[in-house]
**Student:** 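Below you will find the structure I want to go over with you.
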Protein chains: 2
Amino acid sequence: MAAAKRLTQRDIARLAGVSQATVSLVLNGADGNDGRIPAETRNRVNKVIRDTGYVADPVARRMVKGLNRILGVFTYEPAFPSAQADFFTPFLLGIEEAAQELGYDLLLLTGAGTRRKIFGDNVRLRLADGCIILGRQFDPAELERLVTGDFPFVAVGRRDDAGGPVPYVGGDYAPATSALVHRARDLGHHRIAYVGLNQGAESSEDRWQGFQEAIGGADLVTNINAVGRPAAEVLDILLAADATCVFFTELADAIAVEALARNRGLSIPGDLSIVVIGNHIRAEQATGTRFTSFAIPREAMARAATQMLVRRVEDDAPVEQLLLPCEPVEGETLGPVSTQTIRIK
Amino acid sequence: MAAAKRLTQRDIARLAGVSQATVSLVLNGADGNDGRIPAETRNRVNKVIRDTGYVADPVARRMVKGLNRILGVFTYEPAFPSAQADFFTPFLLGIEEAAQELGYDLLLLTGAGTRRKIFGDNVRLRLADGCIILGRQFDPAELERLVTGDFPFVAVGRRDDAGGPVPYVGGDYAPATSALVHRARDLGHHRIAYVGLNQGAESSEDRWQGFQEAIGGADLVTNINAVGRPAAEVLDILLAADATCVFFTELADAIAVEALARNRGLSIPGDLSIVVIGNHIRAEQATGTRFTSFAIPREAMARAATQMLVRRVEDDAPVEQLLLPCEPVEGETLGPVSTQTIRIK
DNA sequence: TCAAGCCGCTAATGCGTATTAGCAGTTATG
DNA sequence: CATAACTGCTAATACGCATTAGCGGCTTGA
């Protein structure tokens, strides 16, 4: 039971009365004119293979071929634990689908409690033919090593160049944000506020850039460059600035401020319009309010990233950078600007 | 850019002016008294390794060592696509956590559109050190081959012997079902019905067995041995049989019948108590009703299965079979039997 | 002074497969 | 009839690493 030694091609060869090389040739469908195995021999070998249930060791195979048909999926953060689950699930779904279609399996390398490194001591990642990197965080040093290295990878989410162009599939936040700004302006808003970071992560910068481009500069009444600030503070600032519309980068902030505003008797969007830039998960589930926003095509991004990665692995395709459009989400928190000014403390 | 050859130990050796064997010894912490590398040489080699960013090829490593620290996760059905997602997610979560703690990575082998085989042509599964098998379906022939083979595996969910004992971690449905039956009887129910398969899958049989043991035989008024039957038919049968309480194995059936019953003016549990055997996902989300049921400890099962698998891989531990208790879920659909008989057509 | 022991390192080997060069026997070609 | 071409197969090799046997130089002990 314990020492049930694995079968090897040598075993098959012995049983079939041929050489190991012949077994290999039979297995790999002796094509062309090189290894020519007549049907009779082929059948004999195949019979032994069937009878014994032999299967080639993928490790040894990989050893000589160099490829595995395995894609790594790396996340700095744990992928499943519930808080994150809703964030990663659409990505994993898309990756799995695409990998399936392309005949690849997935090697999950998900963040530990301790931050996980790509270039650790035990880089089992190299077992895969290439990898997709998920997650908002990204160690810049590791990114640079990846870029300069020869290991195929694709990032989900736009990344700035790091010693070279980074292959990625991202959401095209800038135009999506611009479109929402234009909608707000078309609805008469002239006093617009922005709550959220405008630097740091690429995705933050993209949003901010799209916002700036569309707003023209004159209409921005307040820019609270922070996330997670107490709702009361934020709301006070917004009201003090006479904002009629506010853009949040973080759904959580929007939810808190919206609840507080209603609590204070303000009507949304009657007195204050709210736009969330990017649909974070559970927009409608956490609260009854459906925020005006745009949809991040997570599943499509993941599919595209997977396909891109396979192109790089199989055809050594050049670096691509792809941004997928984000469709607007109507929602119910953006309305025409109110003609009367209400101020309730 | 294309031919950026991977570094090997030989490269490191050349750069450090030593032999490949020395590099390997340095990497594997020359323990004991066998390969003794003085600090000076060790430092020199380590410096080159750091400078070049070399990492050992896990494939070659596996080739000689035999183990990978990778666990396969096999599902006959696709794991992520949304309909299934809620079913598999808790399992994956538990597996990921346990694997993480034990220092293993996960190789996902998820079902294709076409049914996937464990023993296919391309058994990449063997790349892993062992595997966990998820899913309700299970090809009996493959199960038998697994049992007789030497590849370590653990099933999630109880499985009957197949040419030998099957290692598994399951939910202990029988006593959990019994407990619910007793509760119903304690509440005065004497006319109990059972809707669901009582043979086929092991999990169905366990439920049925637990039900039978507790009910004693006399009280079973109807046994509709089917799932997915039209709610109207089922309800009519239940009413015709004067059932005061009904056990469903399938949540979907329970939902349909409950809705119809309410629609016809019956009160639940006033006129009819409903028990669902096993909490299928989204019990509360799909409908407002919280069914009386028992909780299947999916995450704990997955964790236990993972740990069991590692024991088998690392210590060649004997086959274990483990059933985890299922806690009762109070719910709101099981109440005392009504003294008056209401019949509404 | 010589044997024994130790130290620092390397050559050699094997893991299971794919692949190539090439051998012996047969058949076609001029 | 000699040579070429083909057929069916095998020996040999490489892939990158871990591991073991053992080599030459040095130190120690008698």
Side-chain angles (χ1 to χ4, degrees), chain A residues 3 5-46 49 52 54-69 121-124 126-127 129 150-151, chain B residues 3 5-46 49 52 54-69 121-124 126-127 129 150-151:
Chain A
K5 195 63 184 53
R6 261 210 81 172
L7 283 173
T8 72
Q9 286 187 351
R10 179 149 41 231
D11 299 321
I12 305 301
R14 192 162 20 78
L15 292 173
V18 295
S19 72
Q20 174 266 324
T22 301
V23 176
S24 178
L25 288 175
V26 168
L27 277 176
N28 300 300
D31 49 336
N33 52 359
D34 223 1
R36 305 132 299 197
I37 313 289
E40 196 230 338
T41 307
R42 188 184 299 271
N43 290 338
R44 188 154 34 98
V45 172
N46 274 326
I49 291 178
T52 58
Y54 164 84
V55 283
D57 181 347
V59 179
R61 208 161 196 158
R62 157 83 207 247
M63 186 86 203
V64 43
K65 300 257 292 189
L67 291 185
N68 246 343
R69 298 200 82 78
D121 289 334
N122 49 355
V123 196
R124 298 190 282 273
R126 312 278 322 208
L127 230 161
D129 298 339
D150 64 319
F151 189 68
Chain B
K5 197 65 184 49
R6 259 209 85 171
L7 282 173
T8 71
Q9 285 187 352
R10 178 148 43 232
D11 300 321
I12 305 300
R14 194 163 17 78
L15 291 174
V18 295
S19 71
Q20 174 264 325
T22 302
V23 176
S24 178
L25 288 174
V26 168
L27 277 177
N28 300 301
D31 49 334
N33 52 359
D34 224 0
R36 306 131 299 197
I37 312 290
E40 196 228 341
T41 307
R42 188 184 298 271
N43 290 337
R44 187 153 37 97
V45 173
N46 275 325
I49 290 177
T52 56
Y54 165 84
V55 284
D57 181 346
V59 178
R61 210 161 192 155
R62 159 81 208 246
M63 187 84 205
V64 43
K65 301 257 293 189
L67 290 186
N68 248 341
R69 298 201 82 78
D121 289 334
N122 48 357
V123 195
R124 299 190 282 273
R126 312 280 320 209
L127 233 162
D129 298 339
D150 63 320
F151 188 69

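Predicted model only: the values in this text are computed from it and were never measured. The chains referred to below are lettered A, B, ... by the order of the sequence lines, with proteins before strands, and numbering in each begins at 1.
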**Student:** Is the distance from OP1 or OP2 of C:dC9 to the nearest side-chain N or O of B:T41 less than 4.0 Å?
**Tutor:**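 Yes, such a contact exists.
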
**Student:** From the options C:dT19, D:dG16, C:dA11, select the nucleotide whose nearest atom is closest to the side chain of A:A21.
**Tutor:**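 The nucleotide sitting nearest to the side chain is C:dT19.
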
**Student:** Roughly what angle, to 10°, lies between the helix axis at the start of the helix from C:dT1-D:dA30 to C:dG30-D:dC1 and the one at its end, five pairs per end?
**Tutor:**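 So the angle between the two local helix axes works out to 60°.
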
**Student:** Mind calculating the distance between CG (B:L67) and C1' (D:dC17) to the nearest angstrom?
**Tutor:**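 Atom CG in B:L67 sits about 15 Å away from atom C1' in D:dC17.
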
**Student:** Between A:D129 and A:K65 (salt bridge meaning N to carboxylate O under 4.0 Å), is one present in this structure?
**Tutor:**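 Result for this pair is no, no salt bridge flagged.
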
**Student:** Check this one for me: any side-chain N or O of A:T8 less than 4.0 Å away from OP1 or OP2 of C:dG16?
**Tutor:**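 No, because none of the side-chain N or O atoms of A:T8 sits under 4.0 Å from OP1 or OP2 of C:dG16.
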
**Student:** Need one value for B:V18: base, sugar-phosphate or nothing, where a base atom within 4.0 Å counts as base even if backbone is also close, heavy atoms only.
**Tutor:**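 The answer is sugar-phosphate, as B:V18 gets under 4.0 Å only of primed atoms, P, OP1 or OP2.
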
**Student:** Assign each of B:P38 and B:M63 to its nearest nucleotide of DNA chain C by heavy atoms, then name whichever residue's nucleotide is nearer the 5' end.
**Tutor:**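 Mapping each residue to its closest nucleotide by heavy atoms, the 5'-most match is B:P38.
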
**Student:** Could you tell me the separation between the CG atom of B:N28 and the C1' atom of D:dC17, rounded to a whole number of Å?
**Tutor:**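 Value for this atom pair: 9 Å.
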
**Student:** Any side-chain N or O of A:Q20 less than 4.0 Å from the OP1 or OP2 oxygen of C:dA18?
**Tutor:**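 No, outside the criterion.
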
**Student:** A:T52: which residues meet the side chain to side chain donor-acceptor pair (under 3.5 Å) condition with it, sequence neighbours left out?
**Tutor:**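 Side chain to side chain donor-acceptor pair (under 3.5 Å) check on A:T52 returns nothing, list empty.
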
**Student:** To the nearest angstrom, how far is A:D57 atom CG from D:dC15 atom C1'?
**Tutor:**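 One finds 13 Å between C1' of D:dC15 and CG of A:D57, rounded.
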
**Student:** Identify which one of B:T22, B:I12, B:I49, B:N46 satisfies the side-chain contact (heavy atoms from CB on, under 4.5 Å) criterion when paired with B:L27.
**Tutor:**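 It is B:I49; the other options fail the test.
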
**Student:** Of the nucleotides C:dT17, D:dG16, C:dT10, which one has an atom closest to the side chain of A:A56?
**Tutor:**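 Given the options C:dT17, D:dG16, C:dT10, the side chain of A:A56 is closest to C:dT17.
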
**Student:** Which nucleotide in the list D:dA18, C:dG8, C:dA11 gets nearest to the side chain of B:K65?
**Tutor:**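 Nearest listed nucleotide: D:dA18.
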
**Student:** Of the nucleotides D:dC9, D:dA18, C:dC15, which one has an atom closest to the side chain of B:Q9?
**Tutor:**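 From the listed options, D:dA18 comes nearest.
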
**Student:** In chain order, what residues pass the side-chain contact (heavy atoms from CB on, under 4.5 Å) check against B:A60, with sequence neighbours excluded?
**Tutor:**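 Applying side-chain contact (heavy atoms from CB on, under 4.5 Å) to B:A60 gives A:M63, B:D57.
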
**Student:** Over how many whole Å does the gap from A:L25 atom CG to C:dA18 atom P extend?
**Tutor:**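 Distance check: A:L25 CG to C:dA18 P gives 9 Å.
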
**Student:** Check side chain to side chain donor-acceptor pair (under 3.5 Å) between A:T41 and all other residues, then give those that pass, not counting sequence neighbours.
**Tutor:**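 Side chain to side chain donor-acceptor pair (under 3.5 Å) list for A:T41, sorted by chain: empty.
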
**Student:** When the distance from CD1 of A:I37 to C1' of C:dA18 is rounded to whole Å, what number comes out?
**Tutor:**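 So the two atoms are 13 Å apart, to the nearest Å.
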
**Student:** Under the salt bridge (charged side-chain N to carboxylate O under 4.0 Å, His left out) test, which residues partner B:R14, sequence neighbours left out?
**Tutor:**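 Once residues adjacent in sequence are excluded, the partners of B:R14 under the salt bridge (charged side-chain N to carboxylate O under 4.0 Å, His left out) criterion are B:D11.
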
**Student:** So A:N28 and A:R61, do their side chains get closer than 4.5 Å, heavy atoms only?
**Tutor:**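 Contact flag for A:R61/A:N28 side chains = yes.
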
**Student:** Could I get the full list of side-chain contact (heavy atoms from CB on, under 4.5 Å) partners for B:A16, not counting sequence neighbours?
**Tutor:**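 Counting only residues at least two positions away or on another chain, B:A16 forms a side-chain contact (heavy atoms from CB on, under 4.5 Å) with B:V18, B:V45, B:V48.
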
**Student:** Between C:dT10, C:dA18, C:dC9, spot the one nearest the side chain of B:R44, thanks.
**Tutor:**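 Looking only at heavy atoms from C-beta outward on B:R44, the closest nucleotide is C:dC9.
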
**Student:** Is any side-chain N or O of A:R61 closer than 4.0 Å to OP1 or OP2 of C:dG16?
**Tutor:**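 For C:dG16, neither OP1 nor OP2 has a side-chain N or O of A:R61 closer than 4.0 Å.
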
**Student:** Take atom CZ of B:R10 and atom P of D:dC15, then tell me their distance rounded to the nearest Å.
**Tutor:**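 Taking CZ of B:R10 and P of D:dC15, I get 7 Å after rounding.
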
**Student:** Please tell me if A:Y54 has a side-chain N or O lying less than 4.0 Å from either OP1 or OP2 of C:dG16.
**Tutor:**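 For C:dG16, OP1/OP2 do not have a side-chain N/O of A:Y54 under 4.0 Å.
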
**Student:** So, OP1 or OP2 of D:dT10: does either fall under 4.0 Å of a side-chain N or O from A:T22?
**Tutor:**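 Checking D:dT10 against A:T22, a side-chain N or O does come within under 4.0 Å of OP1 or OP2.
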
